[in-house]
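Heavy-atom basis, side chains included; hydrogens, waters and symmetry copies ignored.
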2 protein chains.
Amino acid sequence: MKIKNYYKNLPHKTIERLSQYRRALMICLDNGKTHIFSHEIANIQHITSVQVRRDLMLIGYSGTLRKGYNIQDLIEVISHIIDDEEGIKVAVVGMGNLGRALMKYVRGKRHKLEVVAGFDTNEEKIGKEYKGVTCYSIDDLEKVIDELNIKLAILTVPAKYSTETAEKLVDAGIKGILNYTPKPIRVPEDVYLEEYDMITTLEKVAFYIKMHQEKEGE
Amino acid sequence: MKIKNYYKNLPHKTIERLSQYRRALMICLDNGKTHIFSHEIANIQHITSVQVRRDLMLIGYSGTLRKGYNIQDLIEVISHIIDDEEGIKVAVVGMGNLGRALMKYVRGKRHKLEVVAGFDTNEEKIGKEYKGVTCYSIDDLEKVIDELNIKLAILTVPAKYSTETAEKLVDAGIKGILNYTPKPIRVPEDVYLEEYDMITTLEKVAFYIKMHQEKEGE
DNA sequence: TTTTGCCTGTTATTTGCTTAACAATGTGCT
DNA sequence: AGCACATTGTTAAGCAAATAACAGGCAAAA
């Protein structure tokens, strides 16, 4: 239990990188590699080897001096930290273009993260299956989330429904929300929220393109 | 020219928030509001008023003491900073589910950011239009990007083609890439790169759900 | 056997950003 | 007029994360 609390203090950015290291390591393993150096991982991720070693130090995993890290072991250690043993059930709320694309994108990628339901208000979609996942009515949110033990929701409804849908999700007992809606939502302390706004990101890229152009014109 | 260099030093996070402030402000303006307080903006974005004021200080915009900020003016100031006067042309590279969803999502949202082309390798898609945007062959990347003066690319090809497609984009003269592929890419210094990995984000949310569960079980 | 070089693991420093603290100022109320 | 107060704008402190610096150790080469 002490150890688990320790992991809780890992930097957010380290958690993100561990997820990425693991995927890279699995590819290496498939290619028949058994050991890997910090600078090799760094090269794949385009970061520095110091950062890799520091992340691995934080999770308490040690490599061997001339052989580097044992890939199989490291994958297991990372999995033990970031995966839930039981697996976490996911719902896609809002089965528009983006919702459906994300469902397809995520489906089967990680066996500890399973998309088990979609939700929408559109009568035509309700009851239908998409990629083997049933689409339910948002009116049945609470019931379905409870019955299927869904903990995580990907929110892809139109922006004007963000707030009310988020409230319903929280009431239904959801423990984490990934909000892809351009409208920020608010959740209680015990619900983990991650927001991502594509328009903002696009505008940011555009801004730095513009800045670079202007620098050139000096 | 001095002023432009000054904007170049704005924190990345401030740029992101400016984009979000602007959208919120436009909605307020539509609702007939003319002035707004920092704490009102903060409430909409779920951040603190201090942060809003600090951001506005950094861009050198001043409000009035008892009336707050003039919404119309502030929108113009932000637009002047983050928008390119000519507008920036965008291409979606990889017209799979995610690519098409993003195209629809972005289309028409911001008139200074126009999606003017899609690219794919699938013969069936090439030459077709999607939402009024033509899908070209990836073989014509360089030609089309040059002819249509495209500066920004949204990369949504399958992961195994990330690297080679990114190289083609760079060779074609693209100045900014938004990589939605789970595989990190590398670009020269003069190309701005922003990467976003949905699987990582999902796993991060799942991790914090798991952590919270375990804390409860103590 | 000694030395060189290449790794890992840890501590220290720096950087970038957020949050806190507070000074300044004009408006409305008494 | 004078006081209380809401609000802005700025400076200072605090925090989280990245980077740098370096100590330790083994393996192969000389």
Check your understanding: For the base of D:dT10, is there a side-chain donor-acceptor partner from B:Arg54 under 3.5 Å away?
Key -> no

Distance, rounded to the nearest Å, where [X] contributes [atom1] and [N] contributes [atom2]:
{"X": "A:Leu58", "N": "D:dT19", "atom1": "CG", "atom2": "P", "value": "15 Å"}
{"X": "B:Lys67", "N": "D:dG9", "atom1": "NZ", "atom2": "P", "value": "14 Å"}
{"X": "B:His39", "N": "C:dA20", "atom1": "NE2", "atom2": "P", "value": "18 Å"}
{"X": "A:Ile15", "N": "D:dA16", "atom1": "CD1", "atom2": "C1'", "value": "14 Å"}
{"X": "A:Lys13", "N": "D:dA16", "atom1": "NZ", "atom2": "P", "value": "13 Å"}
{"X": "B:His12", "N": "C:dT15", "atom1": "NE2", "atom2": "C1'", "value": "13 Å"}
{"X": "B:Gln51", "N": "D:dT7", "atom1": "CD", "atom2": "P", "value": "19 Å"}
{"X": "B:Met57", "N": "D:dT11", "atom1": "CE", "atom2": "C1'", "value": "9 Å"}

Review point. Would you say a side-chain N or O of A:Ser62 is under 4.0 Å from OP1 or OP2 of C:dG9?
Key: yes

Review point. Looking only at side-chain N and O atoms, does B:Arg17 come under 4.0 Å of OP1 or OP2 in C:dT18?
Key: yes

Review point. Are a donor atom and an acceptor atom from the side chains of B:Tyr192 and B:Glu194 found within less than 3.5 Å of each other?
Key: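 Looking only at side-chain atoms, B:Glu194 and B:Tyr192 do form a donor-acceptor pair, the distance falling under 3.5 Å.
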
**Study point:** Given DNA chain D, 5'-ward residue of the pair A:Arg66 and A:Pro11, judged by closest heavy atom
**Key:** A:Pro11

Exercise for review: For A:Ser38, report the nucleic acid contact type (base, sugar-phosphate, nothing); a contact means any heavy atom under 4.0 Å.
Suggested key: sugar-phosphate

Check your understanding: So what does B:Ser49 touch, heavy atoms closer than 4.0 Å: a base, only the sugar-phosphate, or nothing?
Key ->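 B:Ser49: no heavy atom of the nucleic acid under 4.0 Å.
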
Review point. Does A:Lys210 make a cation-pi contact with A:Tyr208, if we ask for NZ or CZ under 6.0 Å from the ring centre and within 45° of the axis?
Key: no

Study note, to complete from the structure: Between B:Leu65 and A:Tyr69, the residue closer to the 5' end of DNA chain C by nearest nucleotide is A:Tyr69

Check your understanding: Does A:Glu142 pair with A:Lys168 as a salt bridge, N-O distance under 4.0 Å?
Key -> no

Exercise for review: Check whether any side-chain heavy atom of B:Asn70 lies under 4.5 Å from a side-chain heavy atom of B:Tyr61, and answer yes or no.
Suggested key: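 Of all side-chain heavy-atom pairs linking B:Tyr61 with B:Asn70, at least one is under 4.5 Å.
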
Exercise for review: Kindly say whether A:Lys33 contributes a backbone atom to a donor-acceptor pair with the side chain of A:Asn31 at under 3.5 angstrom?
Suggested key: no

